[in-house]
Amino acid sequence: MAVLGHVDHGKTSLLDKIRGSAVSEGEAGAITQHIGATAVPLDTVSQMAGSLVKPEDFDLPGLLFIDTPGHHSFSTLRSRGGALADIAILVVDVNDSFQPQTEEAIDILKRTGTPFIVAANKIDTTPGWNPQEGAPIQKTYEEQSQRARSKLDEKLYEIIGELSDRGFSSDFYWRVQNFQSNIGVVPVSALTGEGIPDLLGVLMGLSQRYMKDEMAIDVAGPGSGTVLEVKEERGFGATLDVVLYDGTIRAGDTIVVGGANNPIVTEVRALLQPRPNAEIRTEKRFDKVDEVGAAAGVKIAAPDLEDAMAGAPVRVVGDRDLDEVIREVEAELADIEVTTEEEG
Ligand code: GDP
């Protein structure tokens with residue numbers, strides 16, 4: 001799932017808070033840091049969410065958070081119809097309500113039909129707020145004065161009104177029966193962690209309900225992914241940070257990558273994943289792996305990647321016809337450019 005929203009509304013803080021509390025649950029394997037994404041396993045989600053997520057109710061491995069996409073991947077997210085993200089979290093600052101990038105995100109979500117929830121962030125800034133570190137929202141509400149509670153409700157109704165103006169019916173998440181026809185609004189604070197148990201609970205519920213079919217990813221097939229970033233790495237030259245959303249990629253595979261001029265055809269020299277707990281200053285920051293299956297983030301080292309573009313498709317050729325795969329990548333790139341132009 002991807003986290004979208006206007007700048008400064010708290011996307012980074014929210015992800016950091018989720019990662020941070022997962023790690024401070026203290027167990028090894030509490031999270032797995034991928035390239036461009038963070039996987040939080042079911043057990044960790046459950047520990048963080050308390051009674052709101054009972055592991056026995058779910059048959060999902062957990063949640064995969066895609067790091068806030070930069071502008072280019074954001075345009076890809078548009079044109080790919082949500083392939084990058086099955087579910088989105090739209091972060092809205094309760095003090096600022098809707099802003100230009102909120103509008104942009106809403107348009108994309110609407111067009112791609114991506115299910116989403118709204119994280120109404122920074123509830124701790126409500127005048128007179130009495131913070132309850134990490135508490136579920138109902139519990140924290142009980143600790144607030146009548147005045148603080150109605151101040152917050154006022155702001156939340158403003159967000160619900162903004163959504164309604166754009167054709168979305170929404171409500172406080174605990175009143176929502178059908179998350180497909182009604183957007184759930186989850187009050188949270190990335191600072192105090194209040195409401196984060198609720199956010200995780202809603203995300204798990206949504207994933208379980210609406211992603212079942214899409215979760216049946218064909219891991220066996222040739223890999224498909226999207227470039228998040230093109231980065232120089234010492235010893236490897238230009239490398240790609242990729243979110244692999246389908247299939248498998250192996251060292252030695254021939255891949256086609258969208259480039260600034262023409263599609264790039266190259267061979268995977270190494271697949272790299274961040275070394276767990278690597279010290280900033282250690283020489284080896286990555287581990288080489290032989291293969292990676294979707295959904296996952298991975299860094300690809302290969303010759304000739306200098307012209308690769310963030311947001312572009314990556315395809316493993318496998319036993320398909322090379323020209324056919326090149327045409328597929330070209331078609332997808334053309335689609336991205338058209339969509340980006342339309343958006344102005
Ligand atoms: P992004 O641009 O959407 O990624 O926003 P950031 O996560 O960088 O947050 C922008 C600013 O808002 C930073 O100064 C954060 O410390 C602050 N911030 C984010 N979430 C909260 C919150 O829940 N409460 C408060 N009080 N401040 C927050």
Side-chain angles (χ1 to χ4, degrees), residues 1-24 31 33 36-38 40 48-49 63 65-75 77-78 84-85 87-109 114 116-141 143-145 148-149 151-156 158-159 162 172-173 184-203 228-229 241 243 297 310:
M1 60 199 59
V3 186
L4 307 177
H6 192 68
V7 64
D8 279 349
H9 281 195
K11 300 177 291 295
T12 316
S13 309
L14 200 58
L15 272 177
D16 283 350
K17 187 71 183 181
I18 291 171
R19 272 193 284 254
S21 358
V23 168
S24 66
I31 61 167
Q33 193 68 48
T38 305
V40 185
M48 290 161 68
L63 296 170
F65 292 91
I66 295 171
D67 292 343
T68 312
H71 186 72
H72 289 288
S73 339
F74 203 63
S75 348
L77 182 68
R78 281 171 206 175
L84 243 183
I87 293 182
I89 307 170
L90 179 64
V91 180
V92 182
D93 183 334
V94 289
N95 303 301
D96 247 6
S97 200
F98 275 43
Q99 294 296 325
Q101 284 158 291
T102 321
E103 306 280 359
E104 196 188 10
I106 282 270
D107 286 346
I108 295 161
L109 296 169
T114 308
F116 68 98
I117 56 170
V118 170
N121 190 32
K122 308 197 189 183
I123 60 169
D124 61 285
T125 59
T126 307
W129 194 255
N130 175 17
Q132 310 290 316
E133 191 73 29
I137 205 66
Q138 197 185 344
K139 181 150 181 290
T140 202
Y141 253 76
E143 301 297 325
Q144 307 306 321
S145 64
R149 223 181 295 174
K151 279 260 183 240
L152 177 59
D153 284 351
E154 212 173 279
K155 294 181 193 172
L156 296 173
E158 196 179 315
I159 293 174
E162 296 273 10
F172 298 115
Y173 88 87
V185 176
V186 188
V188 298
S189 165
L191 192 71
T192 65
E194 291 165 289
I196 289 195
D198 309 68
L199 187 69
L200 294 171
V202 175
L203 289 173
L228 289 180
E229 259 189 278
D241 287 1
V243 169

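Ligands are counted one by one from 1 in listed order, and the atoms in each one are counted from 1 as well.
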Distance-only donor-acceptor hits, side chain of residues 87-94, under 3.5 Å, sequence neighbours excluded:
unit_1	atom_1	unit_2	atom_2	d
D93	OD1	N95	N	2.8
D93	OD1	N95	ND2	3.2
D93	OD2	K122	NZ	3.2

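Both the backbone and the side chain of K11 come within 4.0 Å of ligand 1, judged by heavy-atom distances. Within the 4.0 Å heavy-atom criterion, the part of N121 lying near ligand 1 is the side chain and not the backbone.
Looking at A190, S13, A119 and measuring to atom 6 (P) of ligand 1, the nearest heavy atom belongs to S13.
Taking every non-hydrogen atom of V7 and a distance limit under 4.0 Å, the qualifying atoms of ligand 1 come out as 2 (O). Atoms of ligand 1 found under 4.0 Å from any heavy atom of H6, numbered from 1 in the order shown, are 3 (O). Within ligand 1, the atoms closer than 4.0 Å to a non-hydrogen atom of D8 are 1 (P), 2 (O), 3 (O), 5 (O), 10 (C), 12 (O), numbered from 1 in the order shown. Distances below 4.0 Å separate heavy atoms of T125 from the following atoms of ligand 1: 26 (N).
Within a 6.0 Å radius of CD in Q138, no more than 12 heavy atoms belonging to other residues, nucleotides or ligands are found.
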Are I123 and V188 close enough, and set up right, to give a side-chain contact (heavy atoms from CB on, under 4.5 Å), and what steps lead you there?
CA-CA 6 Å; I123 60 169; V188 298; 5.8 Å; no

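In this structure, D124 CG and N130 CG are separated by 11.5 Å, a value rounded to the nearest 0.5 Å. Put simply, NZ on K17 and CG on L191 are 7.0 Å apart, with the number rounded to the nearest 0.5 Å.
Residue L191 has at least one N or O atom closer than 3.5 Å to an N or O atom of ligand 1. For the pair V188 and ligand 1, the shortest N or O to N or O distance does not fall below 3.5 Å.
The side-chain heavy atoms of I196 and I18, taken from C-beta on, include a pair separated by under 4.5 Å. The closest side-chain heavy-atom distance from L156 to E158 is not below 4.5 Å.
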